[in-house]
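Below: one structure, written as structure tokens.
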Amino acid sequence: MTGAQSELPGLTSAKSEQEERFDWKRSDVIIDEQPTTAVYRNTRNGIVIRQEMTGLDDEDQYVFFSTDDDVRTLINALKRQIGDS
């Protein structure tokens, strides 16, 4: 690596002792691991939220919403939960 890239954190070729002991529980870790998530319409025109199975699951997990109004209700509930109502 040369130039500005070699100065970026995490892009150096030699690992520092600090990087080897990185604490994944510290406050600058902002997103924990989570299943890959998809949102799509099914053959009945409902909305599906689907998460890929993990090592703890036997199959993908699904949440179904039959109508667009159901989805709006979900969105409003989520907004209330994050304080954005």
Side-chain angles (χ1 to χ4, degrees):
M1 271 180 253
T2 61
Q5 282 187 333
S6 63
E7 297 172 13
L8 294 174
L11 292 180
T12 58
S13 58
K15 289 185 178 178
S16 70
E17 188 175 318
Q18 182 182 8
E19 287 176 337
E20 290 177 14
R21 291 183 293 144
F22 188 83
D23 180 7
W24 286 101
K25 302 291 183 199
R26 49 191 234 195
S27 63
D28 57 345
V29 175
I30 58 167
I31 299 175
D32 290 326
E33 186 176 332
Q34 63 184 47
T36 304
T37 305
V39 177
Y40 59 91
R41 287 199 180 266
N42 62 15
T43 57
R44 294 183 172 195
N45 208 30
I47 300 292
V48 178
I49 300 173
R50 179 178 180 170
Q51 287 192 314
E52 185 176 30
M53 71 176 176
T54 64
L56 302 175
D57 302 317
D58 293 332
E59 58 187 35
D60 290 352
Q61 302 296 308
Y62 299 87
V63 178
F64 300 93
F65 298 91
S66 298
T67 68
D68 289 353
D69 284 337
D70 293 341
V71 175
R72 286 185 192 94
T73 300
L74 170 66
I75 291 168
N76 290 331
L78 293 171
K79 285 181 176 182
R80 280 193 307 275
Q81 290 300 314
I82 63 171
D84 189 29
S85 51

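In plain terms, the two heavy atoms of D23 and V29 that are nearest each other are O-CG2, 4.3 Å.
Transitive grouping of hydrophobic side chains (ILVMFWY, heavy atoms separated by less than 4.5 Å) brings I49 and I75 into a common cluster. Under the 4.5 Å side-chain heavy-atom criterion for ILVMFWY residues, no single connected hydrophobic cluster contains both Y40 and V71. Under the 4.5 Å side-chain contact rule for hydrophobic residues, V39 and F65 share a cluster.
Other residues, nucleotides and ligands place more than 12 heavy atoms under 6.0 Å from the CZ atom of R41. Heavy atoms from other residues, nucleotides or ligands lying under 6.0 Å from CG of D58 number 12 at most.
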Stepwise, does the side-chain contact (heavy atoms from CB on, under 4.5 Å) test hold for D32 with W24? CA-CA 9 Å; D32 290 326; W24 286 101; over 6 Å; no
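Considering only residues two or more places apart in sequence or on other chains, T43 meets the side-chain hydrogen bond (donor to acceptor under 3.5 Å, both in side chains) condition with none of them. Judged as a side-chain hydrogen bond (donor to acceptor under 3.5 Å, both in side chains), and not counting sequence neighbours, the contacts of T54 are D57.
Considering T36, D60, T37 in turn, D60 is the only one that fulfils the side-chain hydrogen bond (donor to acceptor under 3.5 Å, both in side chains) rule with R50.
Between D28 atom CG and F22 atom CZ the span is 5.0 Å, to the nearest 0.5 Å. A distance of 12.5 Å separates CG of L74 from CG of D69, quoted to the nearest 0.5 Å. One distance of note links CD1 of I47 with CG of D68; it measures 6.0 Å at 0.5 Å rounding.
A donor-acceptor contact under 3.5 angstrom links the side chains of T67 and D70, judged on distance only.
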